Amino acid sequence: AIGAWLRLTKMRLCPYRRMRVWDKFGNGSILFNAADIGEPVLGYIAENRLIQRAIWEVVEQSDNIRILLGTRPVSMSVNKLSAELELANGQSVTARLIVGADGARSWVRQQARIGETSWDYDQHALVMSVRTEYPQQDITWQRFTDTGPEAFLPLPGPHGSLVWYHRPDEVARLMMLDDAVLLEELQARFPKELGRIEAIEDRGFFAIRRMHAHHYAKHRVVLVGDAAHVIHPLAGQGVNLGFMDAAALAETLLAALETGADIGSLRVLRRYERARKGDNHAMQSAMDVFHHAFLPQHPPLRLVRNLGLNVVNRLTPLKRQIERLATGRRATLPLLSRGR
């Protein structure tokens with residue numbers, strides 16, 4: 001809506017048209033294809049730093065946005081008519097509304113005394129940028145194993161991103177290996193669909209955690225993105241949920257301005273919370289189901305998993321519906337975030 005996507009398309013993007021999910025222990029498999037629903041793509045893989053760069057370029061050219069760099073908030077106060085931030089450099093900022101978009105360890109959430117429910121999964125994710133023997137790919141895949149999923153995300157050219165979920169101690173061990181040894185481990189462990197990896201270009205890891213704020217809003221304070229919810233990254237939907245939060249909040253505030261309502265009032269902000277909290281909780285719960293259902297390796301459960309994947313793959317109407325949802329075709333989504 002603000003033009004950042006157009007800038008991003010001129011930088012670097014990788015469209016993907018197919019998405020495959022399967023279980024290592026069995027023949028259960030499902031393949032989604034954009035062509036099945038008459039769409040050119042299912043989605044795009046975009047590098048986070050490039051998304052940020054595209055948005056910053058727009059922000060810096062907007063004459064109605066004031067950017068304060070080189071400082072940070074140290075205290076926050078709220079009264080009936082306004083909210084105020086005291087900054088470390090001695091400045092203060094007064095506004096009708098403070099939006100906490102400051103991540104999972106949100107300072108704004110803590111200052112507003114908004115509680116949370118959270119827990120850590122006994123899993124870390126090792127993320128690697130790699131160069132492969134294959135040229136540009138248009139498929140993203142995820143295989144479930146006894147220690148957690150293994151995933152491939154295509155990037156422009158012969159590049160991709162690998163995600164290896166494992167126990168925290170095993171991820172720590174893998175992080176300590178030099179590139180040559182880690183390459184050998186990847187080739188031995190990852191499926192043949194990956195092909196040969198020619199080089200590891202970068203690597204990092206993060207803990208897997210779930211968090212949901214008890215409330216998204218208080219008088220003159222509202223939370224969006226990871227400040228409000230942190231989700232298991234199985235389906236890579238964390239950033240998308242944040243974008244949908246931002247779109248829903250923008251629509252809520254615009255509607256309030258049109259009627260002369262106070263954009264910082266709890267009555268207005270609860271409309272945003274009602275629009276997003278249920279969807280976010282449903283996505284969190286769905287990822288929990290996948291995590292717990294695919295991790296155990298009891299033979300009866302394996303059979304059920306594989307049967308479920310094959311049934312969905314063969315039930316064309318259900319499969320098409322899932323594909324449409326994946327491309328943003330859902331009436332409950334904010335208008336600003338729906339696929340076009």
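These numbers come from the heavy atoms of this one structure, side chains and all, not from hydrogens, waters or symmetry mates. Just so it is clear, the model here is predicted, and its values are computed rather than measured.
Side chains of L177 and E185 form a contact here, defined as non-hydrogen atoms less than 4.5 Å apart. Annotation: side chain of T316 is in contact with side chain of R320 (closest heavy-atom distance under 4.5 Å). The shortest side-chain heavy-atom distance between V59 and W56 falls under the 4.5 Å cut-off. For the pair P168/V171, no side-chain contact is recorded, criterion being any heavy-atom separation below 4.5 Å from C-beta on. With a 4.5 Å cut-off on side-chain heavy atoms, L126 and M175 count as touching. Here the side chains of S161 and M128 are not in contact, with every heavy-atom distance at 4.5 Å or above. By the 4.5 Å heavy-atom criterion applied to side chains, L253 and L269 are counted as neighbours. Contact check for R7 versus R53: no side-chain heavy atoms found under the 4.5 Å cut-off.
Around NE2 of H232, the count of heavy atoms belonging to other residues, nucleotides or ligands within 6.0 Å exceeds 12. Heavy-atom contacts from other residues, nucleotides or ligands closer than 6.0 Å to CZ of R173 number more than 12. Around atom CZ of R210, more than 12 heavy atoms belonging to other residues, nucleotides or ligands sit under 6.0 Å away. The number of heavy-atom neighbours closer than 6.0 Å to CZ of F190, taken from other residues, nucleotides and ligands shown, is above 12. Residue R196 places its CZ atom among more than 12 non-hydrogen atoms of other residues, nucleotides or ligands, all under 6.0 Å distant.
A donor-acceptor pair is defined here as one N or O able to donate and one able to accept, closer than 3.5 Å; no such pair exists between the side chain of K218 and the backbone of L266. Here the side chain of R271 pairs no donor or acceptor atom with the backbone of T252 at under 3.5 angstrom. A donor-acceptor pair under 3.5 Å is formed between the side chain of D245 and the backbone N or O of G225. Put simply, the side chain of S62 gets close to the backbone of V58: a donor and an acceptor are under 3.5 Å apart. Not one N or O on the side chain of S285 forms a donor-acceptor pair closer than 3.5 Å with the backbone of A282.
Here the rule is side-chain hydrogen bond (donor to acceptor under 3.5 Å, both in side chains) with Q284, and of H212, H229, Q237 only H212 fits it. Checked options Q111, Q110, E84; the residue passing with M76 is Q111 (criterion: side-chain contact (heavy atoms from CB on, under 4.5 Å)).
Closest non-hydrogen pair, Q137 versus C14, comes out as O-SG, 3.8 Å. Nearest heavy atom pair, residue P73 against residue L87, reads CA-CD2, 3.8 Å. When all heavy atoms of V74 and W107 are compared, the closest pair comes out as C-CZ2, 3.5 Å. Heavy-atom minimum distance, P233 versus Y165: O-OH, 3.4 Å. F243 and I51 make their closest contact through CZ-CG2, 4.2 Å (heavy atoms, listed as atom of the first residue, atom of the second, distance). Of all non-hydrogen atoms in L194 and Y134, the two that sit nearest each other are O-CE1, 3.5 Å.
L174 and L162 fall within the same hydrophobic cluster, defined by Ile, Leu, Val, Met, Phe, Trp and Tyr side-chain heavy atoms under 4.5 Å apart, directly or through other members. Under the 4.5 Å side-chain contact rule for hydrophobic residues, L186 and W141 share a cluster. Under the 4.5 Å side-chain heavy-atom criterion for Ile, Leu, Val, Met, Phe, Trp and Tyr, L97 and I114 are members of distinct hydrophobic clusters. Cluster membership for L249 and L241, using ILVMFWY side-chain heavy atoms within less than 4.5 angstrom, is not shared. Note on I200 and V181: same hydrophobic cluster, where clusters join Ile, Leu, Val, Met, Phe, Trp and Tyr whose side-chain heavy atoms are under 4.5 Å apart, directly or indirectly.
Between the side chains of H214 and T117, a donor-acceptor pair is found at a separation under 3.5 Å. Side chain to side chain, N280 and Y216 meet the donor-acceptor criterion of an N or O pair below 3.5 Å. R189 and T147 share a donor-acceptor pair across their side chains, judged by distance under 3.5 Å alone. In the model, N79 has no side-chain atom that pairs as donor or acceptor with a side-chain atom of H219 under 3.5 Å.
Taking CZ of R143 as the reference point, atom CZ of F25 lies at 8.0 Å (rounded to 0.5 Å). In this structure, L234 CG and F144 CZ are separated by 5.0 Å, a value rounded to the nearest 0.5 Å. Between the CE atom of M11 and the CZ atom of R49 there is a distance of 10.0 Å, given to the nearest 0.5 Å. Note that CD1 of I231 is 11.5 Å distant from CE of M211, once rounded to the nearest 0.5 Å. Within the model, atoms CD of E47 and CG of L8 stand 9.0 Å from one another, a figure rounded to the nearest 0.5 Å. Atom CG of N33 and atom CG of L31 lie 6.0 Å apart (nearest 0.5 Å).
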CA sep, side-chain torsions, deciding dist, call: W164, F205, ring pair (Phe, Tyr, Trp, His ring centres under 6.0 Å) | CA-CA 9 Å; W164 192 351; F205 75 98; over 10 Å; no
Working for side chain to side chain contact (heavy atoms under 4.5 Å, CB included), residues H159 and T132 | CA-CA 6 Å; H159 300 278; T132 69; over 6 Å; no
Candidate pair E150 and K24, rule salt bridge (charged side-chain N to carboxylate O under 4.0 Å, His left out), full reasoning = CA-CA 10 Å; E150 301 159 348; K24 178 181 179 180; 5.6 Å; no
Report the C-alpha separation of D120 and I208 in whole Å, then their side-chain angles, then the decisive distance to 0.1 Å, and conclude whether the side chain to side chain contact (heavy atoms under 4.5 Å, CB included) test is met.
-> CA-CA 6 Å; D120 291 323; I208 309 299; over 6 Å; no
Stepwise side chain to side chain contact (heavy atoms under 4.5 Å, CB included) check, I67 with E60 | CA-CA 8 Å; I67 303 171; E60 289 171 342; 4.1 Å; yes
Start with the C-alpha distance between Y44 and T9, add both sets of side-chain angles, then the distance that settles side chain to side chain contact (heavy atoms under 4.5 Å, CB included), and finish with yes or no.
-> CA-CA 10 Å; Y44 296 87; T9 59; over 6 Å; no
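Salt bridge present: R209 and E116 bring a charged side-chain N and a carboxylate O closer than 4.0 Å. Residues R17 and E39 are not paired through a salt bridge, judged by the lack of any N-O separation under 4.0 Å between the basic side chain and the carboxylate. Under the 4.0 Å criterion applied to side-chain N and carboxylate O atoms, D102 and R72 are not assigned as salt-bridge partners. Remark: R131 does not engage D202 in a salt bridge, criterion side-chain N to carboxylate O under 4.0 Å. A salt bridge does not link D262 to R96: none of the charged nitrogens lies less than 4.0 Å from a carboxylate oxygen. Using a cut-off of 4.0 Å between Lys/Arg side-chain N and Asp/Glu carboxylate O, D226 and R105 are scored as not salt-bridged. For D122 and R167, the salt-bridge test fails: no basic side-chain N is under 4.0 Å from an acidic carboxylate O.
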